[in-house]
**Q** 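Below you'll find the structure I mean.
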There are 2 protein chains.
Amino acid sequence: MFCNEAGASIEVAGILENPDMSRLDRSLIARLPAFQGLTPDDLDRVLARATPLRIAKGAPIFECEQEAQSFFLLLDGHVRVVRTTPQGQEVIIRYISPGELLGIAIAVGRATYPATAVAAIDCVVLAWPSQLWPDFVAAYPGFAGNAYKTIGDRLQDAHARVIELSTAQVDQRVALALVKLAQQTGKPTAEGLLIDFPISRQDIAEMTGTTLHTVSRLLTAWQESGLVKSGRQKVTVVDSDRLLALAEAAPS
Amino acid sequence: MFCNEAGASIEVAGILENPDMSRLDRSLIARLPAFQGLTPDDLDRVLARATPLRIAKGAPIFECEQEAQSFFLLLDGHVRVVRTTPQGQEVIIRYISPGELLGIAIAVGRATYPATAVAAIDCVVLAWPSQLWPDFVAAYPGFAGNAYKTIGDRLQDAHARVIELSTAQVDQRVALALVKLAQQTGKPTAEGLLIDFPISRQDIAEMTGTTLHTVSRLLTAWQESGLVKSGRQKVTVVDSDRLLALAEAAPS
DNA sequence: CGTCCATTTGATCAGGGTCAAGACGAGTGG
DNA sequence: CCACTCGTCTTGACCCTGATCAAATGGACG
């Protein structure tokens with residue numbers, strides 16, 4: 001179960017090799033928003049029920065429509081949440097960063113996952129069986145509250161994207177998507193905020209409802225004006241402010 | 001508090017005139033999904049804390065960014081949930097039908113409403129103070145569960161719209177919006193399913209991310225081919241099946 | 001009967017999708 | 001170590017969908 005097509009050869013911080021992983025990162029884990037308000041004892045009990053999993057880059061964590069047997073917390077890596085249309089076009093719903101919950105369909109009474117989650121890079125997640133959800137809600141109201149807050153944020157986010165797609169031009173949407181990604185996952189470098197996982201033009205297109213061609217043209221144009229710097233599956237946001245201004249500007 | 005700019009002159013089923021309204025519709029209310037799983041006694045207690053309100057057509061129930069002092073249940077009428085962009089463009093997030101909860105920001109830990117709700121026609125709602133939410137969740141887990149299910153459905157819906165806006169053509173989006181509205185609120189007539197509240201071309205445009213001009217052209221074209229029948233602020237879906245086929249067809 | 005708002009319809013045009021081709025880089029197997 | 005291949009990215013040319021601009025028509029309501 002810890003292996004998948006490339007599982008055997010992955011080298012992630014040796015969490016699985018350490019039988020006592022939960023104690024190892026306890027202090028880090030305790031700090032996650034998902035666990036705010038839990039007593040150390042409660043946290044112990046919650047972590048004791050979790051199964052750590054390592055997911056290879058490109059491997060699915062769960063698939064759309066599949067029975068929701070577990071819910072997850074991303075400890076390390078980045079996850080892409082995707083839906084495919086009947087015609088086979090993919091749309092990226094969101095990227096998940098370390099510390100976030102995912103696959104929490106069970107929290108809103110769904111029996112199946114509404115989307116597919118794929119590891120954008122090698123990931124480490126904690127998994128809990130869905131049956132535990134009602135117990136967790138009853139025993140650790142803080143945990144449930146944080147989970148519902150997450151759902152509320154995502155609902156808000158989804159509405160924001162509906163509004164964006166309805167009213168903004170392609171360049172604005174792409175600019176905003178890059179700014180958000182940079183804020184969410186940006187790693188500071190000499191040149192600016194580097195998006196911390198491989199992301200192709202195609203990926204950006206699937207996030208913003210456009211084509212890789214248009215994204216490519218925009219990125220080269222912005223590179224020339226010093227807003228971004230980009231390479232193969234790599235984007236660095238150089239001037240976040242000007243990019244954001246572009247995203248919010250009236251369509252000149 | 002029961003009055004607003006047009007409040008005094010509205011004529012809605014005389015619920016407020018009846019001091020005992022809750023007993024009046026008890027059997028109807030008990031049947032709403034929001035209350036499934038509550039014992040009659042619990043339902044009594046829940047309803048005893050509710051304030052019935054009458055909202056005139058066009059009047060707001062709550063406004064975006066405003067402090068979320070209450071949550072609501074729509075008993076009668078139809079509510080349009082709207083967001084306005086900084087540039088002043090309006091986007092219709094959804095229409096609420098009788099029996100649905102609204103303004104449940106508090107359930108996901110928000111202090112303010114994320115959107116504006118406006119009565120599309122004269123409405124009757126029940127309002128509860130937000131402070132009651134934690135008590136309700138604790139005392140009536142079924143109520144909370146149903147509320148979270150509602151939120152899950154809306155999240156699902158929002159994602160569906162993101163996908164639509166990202167991948168479908170305007171005509172498909174408009175067709176799908178009409179089919180959904182007809183299913184949700186359609187009143188059977190001799191000609192087909194009549195959408196049960198005044199809805200303008202502009203409204204449909206704001207739901208689908210297009211312009212009233214394009215909607216107008218589509219509706220006249222579809223009227224000629226017998227798919228719909230429409231008039232001033234009025235749309236009847238004549239051939240739901242063919243309209244749905246159009247919505248799902250590959251962009252020929 | 002006049003005013004206001006919703007709707008229709010035509011003409012124009014541009015944003016951005018589609019089609020096509022080539023360049024570049026990275027990993028693979030010989 | 002190099003040649004090959006595949007996937008990503010770039011760039012040009014073209015054209016279509018649907019927005020924009022403009023104006024007229026038609027109900028509804030005071």
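Letters go in sequence order (proteins before strands), and every chain restarts at 1.
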**Q** Does the pair B:Glu206/B:Arg80 count as a salt bridge with the N-to-O cut at 4.0 Å?
**A** no
**Q** Is it true that B:Glu164 and B:Lys180 make a salt bridge, defined as a side-chain N closer than 4.0 Å to a carboxylate O?
**A** yes
**Q** Can you check whether B:Arg201 reaches B:Val235 side chain to side chain, under 4.5 Å on heavy atoms?
**A** yes
**Q** Just the endpoints, please: which first and last nucleotides of DNA chain C, 5' to 3', lie under 4.0 Å from a heavy atom of chain B?
**A** C:dC5 to C:dA11
**Q** Measure the shortest side-chain to side-chain distance between A:Cys123 and A:Arg54 over non-hydrogen atoms and say whether it is less than 4.5 angstrom.
**A** no
**Q** Between A:Gln87 and B:Thr167, is any pair of side-chain heavy atoms under 4.5 Å apart?
**A** no
**Q** Below 4.5 Å, heavy atoms only, C-beta onward: do A:Arg83 and B:His159 meet side chain to side chain?
**A** no
**Q** Under a 4.5 Å cut-off applied to non-hydrogen side-chain atoms, are A:Leu227 and A:Leu246 in contact?
**A** yes
**Q** Across nucleotides 2-11 of chain D, 5' to 3', mark each nucleotide with B, S or - according to how protein heavy atoms within less than 4.0 Å reach it.
**A** -----BBSBB
